[in-house]
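Read through the structure below, which is laid out as structure tokens, and then see the notes.
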Amino acid sequence: RLDKSFEEQRRLMADASHELRTPVAIISGEAELALSRDGRSPTELREALERVRGESDRLKHIVDDLFLLARAEAGDPIMVPREVYLGEVAADSVRAVRSLAEQKHVALSFTGSEDLPFQGDEALLRRLFVNLLDNAIKYTPSGGDVTLAAHRENGDYLVTVADTGPGIPSEAQPHIFDRFYRSDRDRRASATSGAGLGLAIASWVAQTHGGSLSLE
């Protein structure tokens with residue numbers, strides 16, 4: 001068990017280093033290029049700063065995700081449960097990502113009940129739903145649909161995120177909840193894809209709340 005734990009830690013460090021290297025290199029390169037030539041126009045400098053800001057945001061997101069996973073593995077008391085309405089948190093999450101859907105011309109909707117009383121951590125639950133919605137919007141073509149539904153089913157709560165995108169390649173399906181996993185399609189689109197932590201965190205949040213996350 002110790003050997004397995006150490007190996008997982010080594011793999012986490014290697015994967016994290018790999019993912020952090022790219023945004024750091026882009027930020028450094030853009031800054032160096034902006035400073036290396038005199039007389040760059042305000043437009044060129046603004047474009048360089050926008051690229052730096054974009055990569056800085058991506059870097060911050062990766063670091064935040066890594067910090068959350070590290071605290072979870074260390075057994076820190078991350079979850080602060082209280083009485084919430086699961087459907088209301090889900091509906092709020094839909095509203096939070098509406099601008100992302102509008103930018104891609106994707107129709108976004110919520111169906112089901114905003115009631116569903118539940119004992120859980122609202123911030124973590126919102127992160128779970130937003131991660132799933134962000135993923136669905138990212139891979140749904142313009143003109144498509146993304147729907148989040150929340151229902152009571154056989155005494156349990158069932159929350160689903162469905163989209164009209166191309167689906168996940170069969171070879172990638174067994175691995176999508178692994179940390180840092182990205183399919184070949186994601187790696188080809190690395191400028192817009194994440195670090196492969198969103199679904200791993202979503203799965204962990206579900207398990208922490210006594211539930212599970214699955215793919216159909």
Side-chain angles (χ1 to χ4, degrees), residues 12-72 78 89 92-108 121-144 146 148 161 163 165-166 176-205:
L12 174 62
M13 291 296 293
D15 289 342
S17 299
H18 176 76
E19 292 299 333
L20 293 170
R21 184 183 296 124
T22 300
V24 169
I26 293 174
I27 290 170
S28 177
E30 288 290 345
E32 190 172 328
L33 192 62
L35 293 169
S36 64
R37 296 205 308 257
D38 294 331
R40 297 195 72 182
S41 70
T43 300
E44 289 177 314
L45 291 173
R46 183 178 183 83
E47 289 173 353
L49 283 173
E50 285 176 350
R51 286 190 289 270
V52 168
R53 182 178 63 180
E55 290 301 320
S56 297
D57 289 343
R58 181 166 177 253
L59 188 60
K60 179 181 181 300
H61 193 68
I62 295 173
V63 171
D64 287 345
D65 286 347
L66 284 170
F67 185 56
L68 178 63
L69 288 172
R71 290 183 62 199
I78 300 173
V89 178
D92 284 345
S93 301
V94 170
R95 286 188 281 269
V97 299
R98 193 167 298 282
S99 62
L100 297 178
E102 289 174 352
Q103 289 169 18
K104 285 203 66 181
H105 304 288
V106 168
L108 182 64
D121 186 302
E122 184 174 352
L124 289 178
L125 290 169
R126 189 184 303 273
R127 189 161 191 172
L128 160 62
F129 299 143
V130 167
N131 281 2
L132 294 178
L133 288 165
D134 178 62
N135 205 63
I137 293 167
K138 187 182 298 179
Y139 295 109
T140 298
S142 177
V146 172
L148 189 154
V161 175
D163 64 68
I176 61 166
F177 298 120
D178 295 345
R179 289 179 309 195
F180 292 109
Y181 177 77
R182 289 191 295 165
S183 67
D184 291 339
R185 176 186 64 182
D186 292 334
R187 294 190 182 280
R188 287 193 296 270
S190 58
T192 56
S193 67
L197 289 172
L199 291 181
I201 287 175
S203 181
W204 170 79
V205 173

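Throughout, numbering of the chain's residues begins at 1 and tracks the sequence.
To the nearest 0.5 Å, the span separating CG on Leu49 from OG on Ser56 amounts to 10.0 Å. The structure places CD1 of Ile137 at 8.5 Å from NZ of Lys104, a figure rounded to the nearest 0.5 Å.
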- Message: Pair Leu108, Leu133 - check side chain to side chain contact (heavy atoms under 4.5 Å, CB included), show working.
- Response: CA-CA 9 Å; Leu108 182 64; Leu133 288 165; 4.1 Å; yes

- Task: Could you walk me through whether Arg51 and Glu55 pass the salt bridge (Lys or Arg N to Asp or Glu O under 4.0 Å) test, one step at a time?
- Result: CA-CA 6 Å; Arg51 286 190 289 270; Glu55 290 301 320; over 6 Å; no

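The shortest non-hydrogen separation linking Ser203 to Phe177 is CB-CD2, 4.0 Å. In terms of heavy atoms, Asp92 sits closest to Arg126 at CB-NH1, 3.2 Å. Closest of all the heavy-atom pairs between Ala136 and Asp163 is CB-OD2, 3.6 Å. Val52 and Glu30 make their closest contact through CG2-CB, 3.6 Å (heavy atoms, listed as atom of the first residue, atom of the second, distance). Among all heavy-atom pairs drawn from Pro141 and Pro166, the shortest one is CD-CD, 4.4 Å.
Remark: Glu50 engages Arg46 in a salt bridge, criterion side-chain N to carboxylate O under 4.0 Å.
For Arg53, the CZ atom is loosely surrounded, since the number of other residues' heavy atoms within 6.0 Å does not exceed 12.
Tested against Leu132, the residues Val130, Asn135, Leu128, Asp134 include a single side-chain contact (heavy atoms from CB on, under 4.5 Å) partner, Leu128. For the side-chain contact (heavy atoms from CB on, under 4.5 Å) test with Val106, the passing option among Val146, Val97, Leu100 is Val146; the others fail.
In this structure, the side chain of Ser93 engages the main chain of Val89 through a donor-acceptor pair within 3.5 Å.
Annotation: side chain of Phe129 is not in contact with side chain of Val161 (no heavy-atom distance under 4.5 Å). Leu125 places none of its side-chain heavy atoms less than 4.5 Å from the side chain of Asp121.
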